[in-house]
Amino acid sequence: MFEAAERVRVRAELIAAARRDADITGAALVGSAARGSEDRWSDIDLVLQLAEDADEPAVVARWTRSLDEKFGVADTLDVTSREGVRYRVFLLYSSLQVDLSFWPHDLFRATEDGFQLVFGQANEPASAAAPDSEQVIGMAWLYAVHARSAIGRGRTWQAVLMLDDLRDQIIALECLRHGLNPWHGREVDRLPAPVLATLRDGRAASVSLTELERSRQALLQHYLAAVAHHDAERAVALRRALDQRGAGGTTNC
């Protein structure tokens with residue numbers, strides 16, 4: 001496990017490297033460091049602004065080689081935002097996670113409360129788009145239907161996966177309702193105690209078909225109640241389609 005001193009050292013070296021790099025014209029800290037809430041488990045989140053004429057793939061490849069040579073990289077993962085920003089996530093051998101995002105010059109801006117400019121000139125801030133509650137509601141009923149099918153067919157582990165996905169959508173709806181950040185469960189622990197208790201009680205205690213069906217029913221009721229807070233009319237229609245306790249039959253997956 002990495003030590004906080006390593007995180008400080010690595011971050012300082014990355015910022016120094018960014019200042020020296022002609023292809024980088026700005027940098028900012030985001031996440032817990034920018035919010036002043038770092039703890040023992042925090043990673044490094046560094047936003048880099050590319051020069052207007054920078055070759056993004058070449059810059060990313062060069063930075064990847066440099067991190068591996070200096071710090072030892074076990075693996076990387078690329079995540080691309082809807083705006084086309086590449087987030088390359090590095091896992092160092094010390095288990096320290098380093099998130100570097102490479103922003104096109106004109107897109108470099110704050111998209112969340114935690115944004116601490118280190119150098120350069122940021123564009124006007126913009127709010128990150130919240131999850132679309134309508135899409136979340138739709139994905140949830142899809143998982144609910146597939147969970148029912150999996151249980152009906154005796155596919156216990158498929159049912160586990162579908163129920164977990166359903167719970168994730170319920171959490172997103174509850175976070176949106178209470179004005180909390182749903183991304184990666186960042187603020188789920190701040191949900192009201194009764195909501196957390198309902199989520200807890202909806203978890204299956206085993207992979208038996210009986211327990212999975214109990215979990216499905218509990219999650220379904222929680223889901224329908226959550227939908228009602230966002231769209232009461234839609235909740236009525238979904239209850240008619242989904243809440244068929246005692247009805248037989250399955251739906252194709």
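Only a predicted model underlies this, so the values are computations on that prediction, with no experimental measurement involved.
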Once rounded to the nearest 0.5 Å, what's the spacing between atom CZ of R186 and atom SG of C175? 12.0 Å

Please check if atom CZ in R240 has more than 12 non-hydrogen atoms from other residues, nucleotides or ligands closer than 6.0 Å. no

Given the options T76, T64, T80, R88 meets side chain to side chain donor-acceptor pair (under 3.5 Å) only with T64

Carboxylate-amine/guanidinium contact R167 D164, below 4.0 Å: yes

Straight-line distance of R216 CZ to E213 CD, nearest 0.5 Å: 4.0 Å

Nearest heavy-atom neighbours spanning S133 and L173: O-CD2, 4.1 Å

Is it the case that the side chain of Y143 and the backbone of L161 share a donor-acceptor pair, with hydrogens and angles ignored and the cut-off at 3.5 Å? no

R203 atom CZ, neighbour heavy-atom count above 12 within 6.0 Å: no

Check the side chains of R239 and Q221 for a donor-acceptor pair under 3.5 angstrom, ignoring hydrogens and angles. yes

I24 side chain near L50 side chain, heavy-atom distance below 4.5 Å: yes

How many angstroms lie between CZ in R109 and CD in E124, if you round to the nearest 0.5 Å? 8.5 Å

NZ/NE/NH1/NH2 to OD/OE distance under 4.0 Å, E13 and K70: no

Can you measure from CG (L29) to CG (L46) and round to the nearest 0.5 angstrom? 6.0 Å

Can you name the nearest heavy-atom pair linking V207 to L212, along with the distance? O-CD1, 3.6 Å

State, without any angle test, whether S42 and R7 hold a side-chain donor-acceptor pair at a distance under 3.5 Å. no

Work out which heavy atom in A22 is nearest to a heavy atom in A51; give both atom names and the distance. O-CB, 3.9 Å

If you compare all heavy atoms of V195 against all heavy atoms of H222, which two are closest, and at what distance to 0.1 Å? O-CE1, 4.0 Å

Under a 4.5 Å cut-off applied to non-hydrogen side-chain atoms, are L92 and F2 in contact? no

Which value, rounded to the nearest 0.5 Å, describes the distance between D55 atom CG and D23 atom CG? 8.0 Å

